[in-house]
Protein chains: 2
Amino acid sequence: MHSSAEENYLKAIYKLQEANGELVATSALAQLLGIHMASVTDMLKKMSTKKLVAYQKSKGFKLTEKGRLAAIGIIRKHRLWEVFLVDKLGFRWDEVHDIAEQLEHIHSQDLIDKLDAYLDFPKTDPHGDPIPDAKGVFAISKSVLLAALSPGSQGKFTGVTDHSSAFLNYLDKIGLSLGDTVKVKEVEAFDKNYTLLLKGKKSVVVSFKVANSLLISE
Amino acid sequence: MHSSAEENYLKAIYKLQEANGELVATSALAQLLGIHMASVTDMLKKMSTKKLVAYQKSKGFKLTEKGRLAAIGIIRKHRLWEVFLVDKLGFRWDEVHDIAEQLEHIHSQDLIDKLDAYLDFPKTDPHGDPIPDAKGVFAISKSVLLAALSPGSQGKFTGVTDHSSAFLNYLDKIGLSLGDTVKVKEVEAFDKNYTLLLKGKKSVVVSFKVANSLLISE
DNA sequence: CCGTAATATTAGGCTTGCCTAATTATTATT
DNA sequence: AATAATAATTAGGCAAGCCTAATATTACGG
């Protein structure tokens with residue numbers, strides 16, 4: 001089994017690969033994990049020996065298929081636990097990340113399978129992020145950033161790209177929840193503020209930063 | 001917060017103190033934890049500095065009040081998670097120990113409070129062991145070993161002192177479950193075998209070893 | 001009360017995963 | 001292409017928790 005440290009590297013590498021394409025840089029990973037580059041180099045050499053990453057000195061690295069599957073397994077656990085925390089224990093969506101960060105390192109395939117069944121095989125976590133199935137397959141769902149929509153178009157709010165408490169609390173405050181229909185009424189050219197119509201009634205004005213953190217589907 | 005290793009020491013020391021009275025020996029702890037004595041001495045010095053144990057060189061040691069409360073907190077988490085695993089996820093009582101052993105090290109007071117409420121504040125875990133409340137208080141319940149009963153007496157089966165899979169499976173096999181009424185019909189002087197009447201109907205013969213691992217109340 | 005067995009501690013080492021400082025590669029700039 | 005800036009690696013260390021081997025302490029039988 002992999003150590004918690006290794007699992008955190010796997011998750012982080014996966015995330016960077018998803019975001020920036022193929023090769024991941026030592027510096028990017030160090031920044032994301034909040035540790036120094038030398039430590040990353042250290043660990044990558046070890047993970048390379050274990051065939052979790054393909055590592056080319058001074059060039060960059062990427063997950064092997066083995067590493068990719070391991071990473072997806074951890075993401076699956078993290079997101080299932082988040083669903084549990086919110087749906088069953090009554091946590092708010094902005095409170096669950098740190099706890100799930102610990103729970104994702106519990107080692108038991110049986111546990112995660114039973115948890116999945118208990119939660120009725122959820123497809124997304126409380127932030128709208130997709131949950132891979134037991135085989136590591138994500139249900140494909142094409143979404144776009146709200147900031148990419150032009151005035152007049154609309155869709156359903158299905159996810160966020162910013163998972164911070166501050167951002168999630170802000171959404172609660174303006175009354176925007178996952179699943180809500182959102183229409184772009186107007187985009188102010190000057191400051192890029194977006195005027196949105198929520199659920200066909202409430203009108204709110206949000207910054208580009210916010211519009212660029214909301215995922216819209218359909 | 002304490003490390004997982006420290007928490008395992010705390011739990012083990014607590015257990016030994018409960019079983020054998022006051023001072024705990026280095027060797028006993030080493031054996032229980034499956035590590036070497038030198039390692040125990042190492043760790044105890046550190047835990048002593050942290051005021052978790054009162055440590056007298058070459059004499060023995062015991063938990064401080066701070067250590068005792070920490071130990072009880074871990075036991076509480078372990079047992080609540082066991083209830084969750086059995087009652088909610090459908091694990092059998094002989095399968096949950098190792099998973100709970102991991103889950104007990106998750107750090108979040110909020111989590112454990114919410115879990116407790118979700119499980120409806122259970123008083124005992126799936127093996128009949130008492131669960132301390134949020135203040136660290138155990139509901140007192142006086143039970144005796146079945147091996148201490150004389151023929152003719154009876155009571156309710158409320159706990160085990162052997163938590164091994166092998167033993168628990170054996171109880172399943174002979175059809176003995178927590179809460180069942182058990183009557184001692186006969187004790188064979190020669191080999192100390194116990195003839196029991198389960199739930200007023202089924203009669204079974206068990207060894208002294210088994211009788212000495214069953215807790216009876218009322 | 002003395003020697004031996006049993007217990008406990010000290011000393012020195014190892015692995016994991018991190019650190020700082022120094023060095024080497026790579027990339028960008030003029 | 002030479003130099004400067006940025007990125008990456010190497011070298012040497014440290015704390016946590018474990019180990020083995022050596023030493024010290026306590027307990028016990030005669």
Side-chain angles (χ1 to χ4, degrees), chain A residues 1-13 16-17 19-63 67 70-71 74 101-102 104-107, chain B residues 1-13 16-17 19-63 67 70-71 74 101-102 104-107:
Chain A
M1 205 48 21
H2 308 125
S3 69
S4 289
E6 274 174 345
E7 293 188 342
N8 287 335
Y9 274 85
L10 288 170
K11 243 193 346 172
I13 298 169
L16 290 172
Q17 258 182 224
N20 316 330
E22 277 300 284
L23 283 183
V24 173
T26 304
S27 51
L29 193 46
Q31 190 180 11
L32 183 58
L33 290 171
I35 59 180
H36 285 243
M37 286 201 302
S39 311
V40 172
T41 300
D42 258 21
M43 185 59 124
L44 284 183
K45 281 195 280 189
K46 291 170 193 164
M47 292 175 71
S48 180
T49 307
K50 292 187 182 179
K51 306 279 185 221
L52 291 169
V53 294
Y55 179 46
Q56 282 178 287
K57 222 162 120 169
S58 292
K59 291 274 179 62
F61 44 87
K62 59 176 185 177
L63 295 173
I74 299 154
E101 202 83 353
Q102 297 180 64
E104 75 192 6
H105 300 300
I106 301 292
H107 295 298
Chain B
M1 205 46 19
H2 308 125
S3 68
S4 289
E6 273 174 345
E7 294 188 342
N8 287 334
Y9 274 86
L10 288 170
K11 241 190 352 167
I13 298 169
L16 290 172
Q17 258 183 223
N20 315 331
E22 277 300 284
L23 284 182
V24 172
T26 305
S27 50
L29 193 45
Q31 190 181 12
L32 184 57
L33 291 171
I35 60 182
H36 284 241
M37 286 201 304
S39 311
V40 172
T41 300
D42 257 21
M43 185 58 124
L44 283 184
K45 281 194 280 190
K46 290 171 193 164
M47 291 176 72
S48 180
T49 306
K50 292 187 183 178
K51 305 280 185 219
L52 291 170
V53 294
Y55 178 48
Q56 280 178 288
K57 222 162 118 169
S58 293
K59 291 273 179 63
F61 44 86
K62 58 178 185 177
L63 295 173
I74 299 154
E101 201 82 354
Q102 296 180 64
E104 75 191 6
H105 300 300
I106 301 291
H107 295 298

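Per chain, numbering begins at 1; letters A, B, ... match sequence-line order.
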Per-nucleotide protein contact string for nucleotides 8-23 of chain C (B base, S sugar-phosphate only, - none; heavy atom under 4.0 Å): BBB------BBBB---
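- The closest donor-acceptor contact from the side chain of B/Q102 to the backbone of A/H107 lies under 3.5 Å.
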B/I35 and B/M43: CA distance, side-chain angles, deciding distance, side-chain contact (heavy atoms from CB on, under 4.5 Å) verdict: CA-CA 11 Å; B/I35 60 182; B/M43 185 58 124; over 6 Å; no
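- Taking atom NE2 of residue B/H2 and atom P of nucleotide D/dG17, one finds them 11 Å apart after rounding to whole Å.
- A donor-acceptor pair under 3.5 Å is formed between the side chain of B/Q17 and the backbone N or O of B/L63.
- Contact check for A/H36 versus A/D42: no side-chain heavy atoms found under the 4.5 Å cut-off.
- Atom pair B/L29:CG and C/dT7:C1' shows a separation of 14 Å (rounding to whole Å applied).
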Worked check of side-chain contact (heavy atoms from CB on, under 4.5 Å) between A/L33 and A/K11: CA-CA 10 Å; A/L33 290 171; A/K11 243 193 346 172; over 6 Å; no
